[in-house]
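Keep in mind it's a predicted model, so treat the numbers as computed, not measured.
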Number of protein chains: 2
Amino acid sequence: MVGSGRRVGIADVAALAGVSVGTVSKALNGRGAMRDETRARVRAAADELGFAPSAVARSLLSGRTFTVGVITTDSYGRFSIPVMRGAEDALGVGEMAAFLCDSRDDPIREQHYVRTLLARRVDGIIVAGRRTEPRTPIGHDLPVPVVYAFARSADPDDCSVVSDEAEGTRSAVEHLLKTGRRRIAHVTGPQSHASAALRASSAVEALEEAGTPLVGDVWFGGWSEAWGRYAVRAMLKAHPDVDAVFCGSDTVARGVTDALREEGRSVPHDVAVVGVDNWSLVAEACRPPLTSVDLNLEAVGRRAGELLLAAIDGRPSPGVHSLPCRLVVRDSSAPPN
Amino acid sequence: MVGSGRRVGIADVAALAGVSVGTVSKALNGRGAMRDETRARVRAAADELGFAPSAVARSLLSGRTFTVGVITTDSYGRFSIPVMRGAEDALGVGEMAAFLCDSRDDPIREQHYVRTLLARRVDGIIVAGRRTEPRTPIGHDLPVPVVYAFARSADPDDCSVVSDEAEGTRSAVEHLLKTGRRRIAHVTGPQSHASAALRASSAVEALEEAGTPLVGDVWFGGWSEAWGRYAVRAMLKAHPDVDAVFCGSDTVARGVTDALREEGRSVPHDVAVVGVDNWSLVAEACRPPLTSVDLNLEAVGRRAGELLLAAIDGRPSPGVHSLPCRLVVRDSSAPPN
DNA sequence: CTGAAAGCGCTAACAC
DNA sequence: GTGTTAGCGCTTTCAG
């Protein structure tokens, strides 16, 4: 990239090409009719000067900025990142640029960003969250469309895109049943966490329906490896015949796997382990590598971007859009034979 | 946040307040002299309509957008994220909004983003990278200032902000020596990786100077836990009397720690372990928690933001700006006694 | 103390 | 085919 170090305007191009500014505009935008020679001369002049039309001036006229705001609540953490990446993919197609705003879970900060974004005349806003609890909407009756990604809005009329965690949980349970497991336990995060509660109830339900109820109670605790290790040691005392542990997250699953090995149980021969998140960093470092439910966060972000583009285009899709998860099978759940 | 659902302009406010647009502008911006009553009336009208002046129109006039571009090469990975967070902190002070561009290590994509950002008339650009190898600059003689963060520019006249990895390495080695270790080994990533090579040579040098040369050769390999486990097992055979392992990253260190424990060596009683990155996720999950060199990425980003603001303000600071690291001591390097 | 008018860089009508 | 002009929403002179 070579720049002149100075801003060059359409007037400079016009002067160099020996035509008027109107002609330059038409020539470069392929509009109106004109001699090929003229168009070529203008193009050459623009290239020579490295002219790039000001998006600012253009926006003022068109009323569109081709810019969206992305508000994330969790400092680009492990959930927002893939969501943002997917959103960026979709928005790129519409030639949109994204303002990134990290609200750091502070409502004051968030409102500040909303105001800033509206003042900058963004065409739309994506709100990406870390928790799956329905969240307070960023505003009512805003002048631009808003799409919530991963963390749905508490207002069901808002447009939200989420992972279908219940479906993901069922697919994990069915996988364990299909590979011959019958004594399945569940270790997960805090009961107060919506995702932990939902995954637990979905797992219990799926197992009931299959006629092989959960072994013992749900082990609610924290999202750490330490909790996974602690819980599985206690569980082995109460239910030594367990043959599979479904975990609410990959970190918990890693703790569970480590403790099982240290207690002399072979994974997957004696006990299968399945996690949730498919956080490759954790799942692949596990010994053996961990089977896990992928929440398809990138797809959630992409969908959010697509729905936002459509809404900007006058085709809104209110309501909750639920996307399926994807079970990624690795060695930790291979059949026991 | 409540919006009208419709865009309201300065003319609407003027009509409601019964004054001219010029007066509204002055009233809201606190410029010029006018009766208090008039100013209050205008303010009330603006509030009632929820008026927010268009940053677009304002930019067209002022020639400034109060917007910067942040180009990241690694999909908001674990290095870019803290850098971006720090940059955002600094830029927020200047009321700057940031366009986020993920080049995904693709030069074509990167050039596309540079053009887009310039067309949008950003006031400056920050380039954040993942690798510490000097990188090809994004352009020469661009019309706006550019600051490189973490990954320095190959052009020494460009402004770059980096972590002082050599200093960080020395602080880790000195810490081990101070706590009584004398037989120190080094396990790290691929030799072809600039960070691995630099950290290794700095460690070797620091140990030479202290009169306690490195035990054996540097163990170059990969950045994985598996490599850490493999290397330490081989090392224990060759040098069973090693009493500390300095690792090129936290993941390697975690593998090293796990294998030491499994081989019956107590950490830190028999062998101390120190990593680099202070990636809390890994360092805190380690058994015992890992002492690690923090690269202060957030500070690097913050500094980059500050330098960019200064450059935009006409006070550029060309050259490489090196920031110190910070040793975070945890249990894995407690004295042996 | 307030209003009218010019102009930021560009596009889209309409003249010529 | 090409040039001229008005105007996007705002700030800033300069009159009144």
Compare the minimum distances between each of C:dG3, D:dG1, C:dT2 and the side chain of A:Thr38, then state the nucleotide with the smallest one.
-> D:dG1

Under 4.0 Å between a Lys/Arg side-chain N and an Asp/Glu carboxylate O for A:Arg152 and A:Asp158?
-> no

note: A:Arg7, atom CZ; C:dG9, atom P; distance rounded to Å ~ 11 Å

Please report, rounded to the nearest Å, how far the C1' atom of C:dT2 is from the CG atom of B:Asp36.
-> 15 Å

OP1 or OP2 of D:dG9 sitting under 4.0 Å from any side-chain N/O of B:Arg58?
-> no

Separation of D:dC14 C1' from B:Arg31 CZ (nearest whole Å) | 17 Å

Residue-phosphate contact under 4.0 Å: A:Ser54 side-chain N/O, C:dG9 OP1/OP2 = no

With sequence neighbours left out, which residue pairs that include part of residues 303-317 of chain B fulfil the salt bridge (Lys or Arg N to Asp or Glu O under 4.0 Å) condition?
-> B:Arg303-B:Glu306, B:Asp313-B:Arg315

Which whole-number value in Å describes the distance from B:Leu28 CG to D:dT11 P?
-> 8 Å

First of B:Arg121 and B:Glu37 reached from the 5' end of DNA chain C, by closest nucleotide = B:Glu37

Short side-chain N/O contact from B:Arg35 to OP1 or OP2 of C:dT2, under 4.0 Å = yes

Give a yes/no answer on whether the side chain of B:Thr23 brings an N or O atom under 4.0 Å of OP1 or OP2 in C:dG3.
-> yes

Please report, rounded to the nearest Å, how far the C1' atom of C:dG9 is from the CG atom of A:Asp12.
-> 11 Å

To the nearest Å, how far apart are A:Ile10 CD1 and D:dG3 P?
-> 12 Å

Just one of A:Pro145, A:Cys159, A:Pro316 clears the side-chain contact (heavy atoms from CB on, under 4.5 Å) bar with A:Leu308, so which one?
-> A:Pro145

Pick the nucleotide of DNA chain C nearest each of B:Ser62 and B:Met34; which residue has the one closer to the 5' end?
-> B:Met34

So what does A:Val19 hit on the nucleic acid, given a heavy-atom distance under 4.0 Å: a base, only sugar-phosphate, or nothing?
-> sugar-phosphate

Take B:Gly9 and A:Gly22, find for each the nucleotide of DNA chain D with the closest heavy atom, and name the residue whose nucleotide sits nearer the 5' end.
-> A:Gly22

Using whole Å, report how far CG of A:Asn29 lies from P of D:dT2.
-> 16 Å

Which pairs pass salt bridge (Lys or Arg N to Asp or Glu O under 4.0 Å) with one or both residues in residues 40-58 of chain A, sequence neighbours excluded?
-> A:Glu37-A:Arg41

Indicate, yes or no, whether a donor-acceptor pair under 3.5 Å links the base of C:dG3 to the side chain of B:Lys26.
-> yes

Which nucleotide in the list C:dT11, C:dC10, D:dG9 gets nearest to the side chain of A:Leu60?
-> D:dG9

For D:dC8, take OP1 and OP2 only and decide whether either is under 4.0 Å from a side-chain N or O of A:Ser59.
-> no

Can you tell which of B:Arg131, B:Glu133, B:Glu165 makes a side chain to side chain donor-acceptor pair (under 3.5 Å) with B:Ser195?
-> B:Glu165

